[in-house]
**Q** 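Let me begin by handing over the structure; questions about it come next.
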Amino acid sequence: MSSSSTTTTTTRLLMLKASDGVTFEVEEAVATKLGAINNMVEEEGSEDLICLPNVNGKFLGMVLEWCKKHANNNTNSDKGNDEVNKWWDKEFVMDLDQNTLYHLLMAADYLSGTELVDLLTEKVASMIRGKKVEEIRETFKIKSDFLPGQEEEIRKKNSWAFE
Amino acid sequence: MKTHVLDQCQSHLIEEQRQRQRFQFHRCSNNRSANDHSLLSYNFSHWFDSWSTPRHCNHTHQVLVYWKNQVVPIVSKYFLLISIWSAVLLVSTYLKENTRERVERYHGKKRHLEPDMGKMDRLSELPDHITNHILSLLPTIDAVRMSLVSKRWRNMWYSLPVLEFSDSAVFGNSDSDQLCRFVSSCLKLRKNDLLNATDNVISKFKLVTRYYWSYWLDLVAKSNIKVLDLDFFRFESHYSIPPLNVLNVKSLTHVSLRGISLMGLHSASLPSLISLSLVSVKLKDQDLHNLLLGCCSLEKLLLNSCAGLLNPKVFSFSLKFLEIMSCTCRTFQVEAMNLTSFLCHGSPRDPMWLKLNLSPGFPSLISLSLVSVHLKDQDLHNLLLGCCSLEKLLLNSCEGLLNPEDQDLHNLLLGCCSLEKLLLNSCEGLLNLEVSSLSLKFLETMSCTCKTFQVEAMNLQSFICHGYPRDPAWFKLNLSPSETLRNLSLVFSSLKDQRLEDLISRLPCLECLTVYCFSEWKHVNICSQRLKYFTVHAYSSYVNLHDASSHEDFEIIIDAPNLRYFEFHGYPTANLSMKVPNLLEANVILITSTTSNLSWYINLLNFLSNFDCSANLCLGAYSKEALIFPNILRKVCRAPLPTLKLLKVKTTGLLLDNCDLMNSLLWAAPFVETLSIVEG
């Protein structure tokens, strides 16, 4: 009768092994939110252990946590939960430090988690938006490698952009 | 069981986040001395996480972190300088076996990784395709500014597929010349990309401005862009008349126009267009007709606040998503058999008549939302009968929609076997509402005049019932026990306090609860394991607010080990008792009586002492006098909030002297670290 009982019987469990040997057991519906894993599942068929040598366990855990929250939407069980998901997404990216953000972004990109990449890039973009050059350098700890005078020259030449 | 590992990981994440908050808090509180120390330990804790498994207990992290700062340098010195056994023994008794292993790993890793991650430029390390993605999300001005940050970013903006200009956000409202100069320069530099002569194709063009030069749009009209977003909105009923040759760009898939006049549009040729959004656009029925004729693969149409439309018609086979809001039309005629989502919101003062062609109907409709719309008798009935895959239904202030015979709605719902979300708002004519559905997950009824209300939905997750206040005695609610219900909000239903307790005891998954208490209630006992958010409105319109005695015997008991957020509106009741060890935030809005007597302050003291366990407290009162404790009380009583660190107070009358208020609050919460007082 209820749809939940039928879905649990058909879901398969996948083992994902991170670079540091940590393994995660997740439902197929959750892991296939990641394009790369979806492809592997489709190609390799019944392979249950997937090694991901480029992703650290900590960040893989975070990525999967995100997938788990969002997989519900696809399985039709939590439709209308978009608002909750958006709110959850906000919380998810709110307190990320730049190092974690970097590793998550690299992991999400490697695993082709398009939606997660969108979420994280938007977070980075929001950190840049409306800031002055000096503020951006300070925010991201970027060191200027322009030669002395070079920066002034570019600034002068493109005064339409920096005035 | 299956998600066991992930759950562990989740708890780890939450724990880590809490730890991080603690560190940040620490940093804020001891600005000078502890700053460096905590910053360093914070970074170290992160560095540790990067190699430890997610199952580690965080407690050891913290201890280790502090050892790292102080002990490790000594340890390495011992190893390097004096290789005497006794020293090693001394150290090994000092450090436990496994921690020493970690110290060694720490030194091994140090060569490869900079330990202070916070100082690294992670942004520039990202690969090109990601940085391009990031810059594409920014207005062009920000992308151009990035080029001055370092050499890595110097020429990056030249390859971005997006041009986005906005005057208000970046340039302020004063200088339109500046925007014009900027846009012109950018277009000059990237003209070839726009005309598709190079590899760096521009696919999106967005312009939000009040001033523009028409040659920009002429240039765009010759391009092969896919997404066009023009927003020339200045103020209501002012419309720009730009050259409309952009509506002949064959590659366009998404078009969004705002503040533009399309009057006299003869033809448009947009064969690949999928989505069209017209907001505050002036056009006549015939113009819309002409426009839609040129869009043969349109799937999504949005009409919002469009002026000039009187009796528009939309005929389309490709259309899947249709939304019409706040338009001044009298009738609206739709024929679109592949529609999956239909939203029609008329104005409340002058509802529009909806004419639907029901012979093919809307067999694939999933979501239907009708607000302030007139329909012919039986039209909705016939419409719903044909929608067997409907999942979401919203009916709001729709006159003549529902037959007074309630059996009708009941029967209709039986037909919609996949309905998940049902919202009924201000539906006149319903008397005895009976909702029974296996698929229903969200149910919301507001201001419906029904007398009895019966719900049977075993998969319900969210139930919001705001009854009609005028005649609550007639309102009988019958909610069957649900294993899945997570959100419950009951307002103005004439529920008895005992019934509420019973109800909540039968809802084991409840996480979010909103309750309005009533005058006849004596006792509310909320006991829930999973409850996280609880809002209680402890007053009612039937009670004389200034009569304190009517509140005195009212009792609230809350036992919720997982409660995070608590909100209280009402008179500070003396009989509140809370067992909430995990409370993070409390929001208390007090209803104050005109004359504050001593009993008010005593009640308030007792009441506030319940919130000392919360991490932060937001206190609101309509008059600030109600929060100024008399001196005599301050001498006799203990401070109600001895450990509170964060206090926010919202009140009125702050323009005058606030010394008394400050003193009173500082007495009430002597160890507060952040105290903010705002008018509101």
Side-chain angles (χ1 to χ4, degrees), chain A residues 1-4 8 11 13 20-27 30 56-59 61-62 64-65 68 77-81 95 97-103 105-106 109 117-118 121-122 124-125 128-133 136-137 140-146 151 154-155 158 160-163, chain B residues 2-6 9-10 12-13 17 20-21 46 49-55 117-127 129-130 133-135 137-139 141-142 144-154 169-170 178 181-182 184-186 391-392 420-421 438 441-442 458-459 461:
Chain A
M1 230 11 183
S2 71
S3 58
S4 58
T8 42
T11 47
L13 287 180
D20 49 357
V22 184
T23 53
F24 293 89
E25 200 179 23
V26 286
E27 286 173 29
V30 172
N56 180 293
K58 182 193 165 192
F59 303 109
M62 292 175 85
L64 289 174
E65 178 57 26
K68 198 181 145 197
S77 66
D78 265 359
K79 230 174 219 173
N81 247 5
D95 284 331
D97 61 284
Q98 286 181 30
N99 188 44
T100 317
L101 198 54
Y102 168 81
H103 284 288
L105 199 44
M106 294 299 278
D109 182 52
V117 170
D118 286 346
T121 45
E122 179 49 49
V124 181
I128 298 173
R129 206 169 280 142
K131 284 205 173 102
K132 290 184 181 129
V133 176
I136 294 168
R137 278 192 200 134
F140 295 98
K141 312 278 184 294
I142 302 175
K143 282 193 184 108
S144 167
D145 50 1
F146 289 116
E151 190 182 323
I154 301 168
R155 220 179 250 272
N158 303 311
W160 48 272
F162 302 106
E163 59 197 1
Chain B
K2 279 151 197 159
T3 51
H4 183 64
V5 180
L6 259 178
C9 187
Q10 187 183 10
H12 168 81
L13 281 175
Q17 210 148 37
R20 199 181 304 159
Q21 278 166 0
H46 265 268
D49 282 351
S50 64
W51 60 263
S52 58
T53 64
R55 265 162 265 188
M117 293 295 194
K119 294 260 164 69
M120 284 181 76
D121 171 15
R122 286 301 198 183
L123 187 64
S124 303
E125 275 180 40
L126 288 167
H129 69 276
I130 297 184
H133 191 156
I134 293 168
L135 292 185
L137 298 170
L138 295 166
I141 179 83
D142 285 316
V144 173
R145 270 186 197 149
M146 276 304 279
S147 66
L148 209 67
V149 164
S150 75
K151 280 183 185 165
R152 163 95 171 86
W153 300 89
R154 178 80 190 93
V170 184
Q178 219 170 334
R181 204 155 55 237
F182 180 70
S184 299
S185 305
C186 284
E391 287 177 9
K392 187 182 164 188
E420 289 188 353
K421 203 168 180 175
L438 280 176
K441 286 180 178 162
F442 300 89
M458 60 180 294
N459 291 310
Q461 289 178 2

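Chain letters run A, B, ... following the sequence lines, proteins first, then strands; residues in each count from 1.
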**Q** To the nearest 0.5 Å, tell me how far B:L137 CG sits from A:T121 OG1.
**A**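 Taking CG in B:L137 and OG1 in A:T121, the distance rounds to 5.0 Å.
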**Q** Side chain, backbone, both or neither: which part of A:I142 has an atom under 4.5 Å from a heavy atom of chain B?
**A** both
**Q** Is a side-chain donor or acceptor of B:D142 paired with a backbone partner of A:R129 at a separation under 3.5 angstrom?
**A** no
**Q** Please lay out, stage by stage, how B:D121 and A:K143 fare under the test side-chain contact (heavy atoms from CB on, under 4.5 Å).
**A** CA-CA 8 Å; B:D121 171 15; A:K143 282 193 184 108; over 6 Å; no
**Q** Heavy atoms only: give me the nearest B:V149-A:F146 pair and the separation to one decimal.
**A**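 Closest approach of B:V149 to A:F146: C-CE1, 4.1 Å.
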**Q** If we define contacts as heavy-atom pairs under 4.5 Å, which of B:V144, B:L135, B:I130 has the most with chain A?
**A** B:I130
**Q** Check whether B:R122 reaches the backbone of A:Q98 with its side chain - one donor and one acceptor, N or O, closer than 3.5 Å.
**A**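 Between the backbone of A:Q98 and the side chain of B:R122 there is no qualifying donor-acceptor contact (under 3.5 Å).
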**Q** Below 4.5 Å from any heavy atom of chain B, which atoms of A:L105 appear? Answer side chain, backbone, both or neither.
**A** both
**Q** Atom CD1 in A:I136, atom CZ in B:R145: separation rounded to 0.5 Å?
**A** 7.5 Å
**Q** Which bit of B:S147 comes within less than 4.5 Å of chain A, counting heavy atoms only: side chain, backbone, both or neither?
**A**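 It is both, since atoms from each part get that close.
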**Q** Measure the spacing between CD of A:E122 and CD1 of B:I134 and express it to the nearest 0.5 Å.
**A**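 Reported to 0.5 Å precision, the distance equals 10.0 Å.
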**Q** Checking heavy atoms, do the side chain of A:D109, its backbone, both or neither come under 4.5 Å from chain B?
**A** side chain
**Q** Are side-chain heavy atoms of A:K141 and B:L123 found at a separation under 4.5 Å?
**A** no
**Q** Can you find a heavy atom in the side chain of A:R137 that is under 4.5 Å from one in the side chain of B:S150?
**A** no
**Q** Out of curiosity, A:D145 CG to B:K151 NZ, how far, rounded to the nearest 0.5 Å?
**A** 5.5 Å
**Q** Side-chain contact, heavy-atom cut-off 4.5 Å: B:M146 with A:V133?
**A**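 They are not in side-chain contact.
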